[in-house]
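Report on the structure given below.
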There are 2 protein chains.
Amino acid sequence: MAALSGAVYARLRDEIVAGAVAPGAKLMPQRLALRYAASAAAIREALIRLAAEGFIESLPQRGFRAARTGPDVIWEIAHFRILIETEGARLSIARGGMEWEANLTAAHHRLAHLESRMRGESLDAGQLRLWSASDRAFHEALIGACGSARLLAQHRLAFDQFKQHVIALDPTLGFRGAELLQEHADILQAALARDAEGCAAALRRHFDTYRRVTPGGAG
Amino acid sequence: MAALSGAVYARLRDEIVAGAVAPGAKLMPQRLALRYAASAAAIREALIRLAAEGFIESLPQRGFRAARTGPDVIWEIAHFRILIETEGARLSIARGGMEWEANLTAAHHRLAHLESRMRGESLDAGQLRLWSASDRAFHEALIGACGSARLLAQHRLAFDQFKQHVIALDPTLGFRGAELLQEHADILQAALARDAEGCAAALRRHFDTYRRVTPGGAG
DNA sequence: ATTCTTTCGAATTTCGAAATTCTCGCCTAT
DNA sequence: ATAGGCGAGAATTTCGAAATTCGAAAGAAT
């Protein structure tokens, strides 16, 4: 979709994931048509795709709204992300070679450098944006050798939607400085040690902040 | 989407999942507009949604085609389905109550009855359609108490896409009669015994027919 | 005072046609 | 003979307006 409709999709998606659209806010094709220099029909196509992917919700004959959020929604997405990411890591640990290790190490190096630098300072938006991109790169590198395009695509959606909902409740993205540094190091170490279960455990700990009561056990 | 575009979406989806559209076949809005008594724009909206969900593929400026298939695609989807379904079953086993058990038992009863009756007979399309619906109902009942709308939605997509690809290579849906009867019984038994690991193992066996080499171990 | 109906402005959805882009056969030059 | 460019036809994409539907306010009836 390099077409106009695709460009609108990309811009809208970025704004939503960046927290620029309030949860539950109406997204009206005619209004957006002005901001994006496109017809209402083109906007609609973008909205339909965003709705199918879960970023917004579509009410028949009633238009589109940004997804509503809440702690339970965040935890549901976190749970799904853990599922996808532990499986992707498990597969990568089993299949990945030197290239995977190198990419993962590089991504972690960049991420750790940022997190280390951000420990003390005040957090401006630019830094957070950079950190979020590095965080994404690291987690994608972790599952990069899983061999399943479907898993990678699902992870990308889950990652962005997780960010979308977290940022809506907390603009600082729940940045936890030193803790994050340690958690990411744990994930990296387990992955390089080819310890799939340890890596899964480290990933679950990584999401503990968002955990809610779940009778399911390990989660 | 009770709108026209939504109706077209539903009909197209049914036809694709039922195997009525050859893999890789072009889906041209103008042509489809005649068959569905709708404008090309409305068809396009349906196609965009189908593409976002993975039933068809969208090539920018080059239209839409039914997803291409192959054994590796089938196994990738099977692998994803196993992931979703074992997790959904695990959660349901932990959270589900009497209602869940009752629904699951009922769904299995209907399915087993059909499979038992279909063991000897020749398979006509009507029977297969009925069996497929019962199969879906059983697998959905299995994860019905997982408590995650996202997991249920993903399972529905994965289930239908699995069927779409299997039916494309084998119109009999790989119906395996007596084996299926046993496999579904194993799944039910483990679920009712609240044995999450046993249930996961039974599910993995259920998909063994489609297995390909995967270095990942349990898979 | 409450509930039900009616009406009207606004938003969603759909359409048919225009504008853009792609595809493929044909022609030309090397 | 073959590679590369040209152009006609077809398909995709976009648009602006028409048709449908919704939501709320005003009015009537109990």
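The chains referred to below are lettered A, B, ... by the order of the sequence lines, with proteins before strands, and numbering in each begins at 1.
Closest approach of A/Leu27 to A/Arg65, counting heavy atoms only: CD1-C, 4.2 Å.
Atoms CG and CG, on A/Leu12 and A/Leu50 in that order, are 6.0 Å from each other to the nearest 0.5 Å.
Considering only the side chain of A/Gln61, D/dT21 comes nearest among C/dC22, D/dT21, C/dC15. When each of C/dT21, C/dC15, D/dT14 is scored by its nearest atom to the side-chain atoms of B/Ser39, the top-ranked nucleotide is C/dC15. Residue A/Ala3 places its side chain closer to D/dT13 than to any other of D/dT13, C/dA11, C/dT13.
Summarising the geometry, the separation between CD1 on B/Ile43 and P on D/dA11 is reported as 15 Å, rounded to the nearest angstrom. Remark: C1' of C/dT13 and CZ of A/Phe64 are 10 Å apart, rounded to the nearest angstrom. Atom CG of B/Leu34 is separated from atom C1' of C/dC15 by 14 Å (rounded to the nearest Å). Here D/dA11 presents its P atom at 16 Å from CG of B/Leu59, a figure rounded to the nearest Å. Between B/Leu32 atom CG and D/dT13 atom C1' there is a gap of 16 Å when expressed in whole angstrom units. Taking atom CZ of residue B/Arg65 and atom P of nucleotide C/dC22, one finds them 15 Å apart after rounding to whole Å. Between the CD1 atom of B/Ile48 and the C1' atom of D/dT13 there is a distance of 10 Å, given to the nearest Å. Spacing between atom CD of B/Glu45 and atom P of D/dT12 amounts to 16 Å, rounded to whole angstrom units.
Across the interface with DNA chain C, nearest-nucleotide mapping of B/Ala37 and B/Gln30 shows B/Ala37 to be the residue nearer the 5′ end. Each of A/Ala40 and B/Met28 lies near DNA chain D, and the nucleotide nearest B/Met28 is the one positioned closer to the 5' end.
Side-chain nitrogen and oxygen atoms of A/Arg31 include at least one within less than 4.0 Å of the OP1 or OP2 phosphate oxygen of C/dA11. Distances shown here put a side-chain N or O of A/Arg44 below 4.0 Å from the OP1 or OP2 atom of C/dT13. Checking the phosphate oxygens (OP1, OP2) of C/dT13, no side-chain nitrogen or oxygen of A/Arg62 falls inside 4.0 Å.
Ion pairing between a basic and an acidic side chain is recognised when a charged N comes within 4.0 Å of a carboxylate O; B/Glu183 and B/Arg205 show no such pairing.
Remark: of the listed residues A/Glu85, A/Arg81, A/His184, A/His184 is the sole one forming a side chain to side chain donor-acceptor pair (under 3.5 Å) with A/His206.
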_Pair B/Arg211, B/Asp208 - check salt bridge (Lys or Arg N to Asp or Glu O under 4.0 Å), show working._
CA-CA 5 Å; B/Arg211 168 155 280 147; B/Asp208 257 352; 2.6 Å; yes
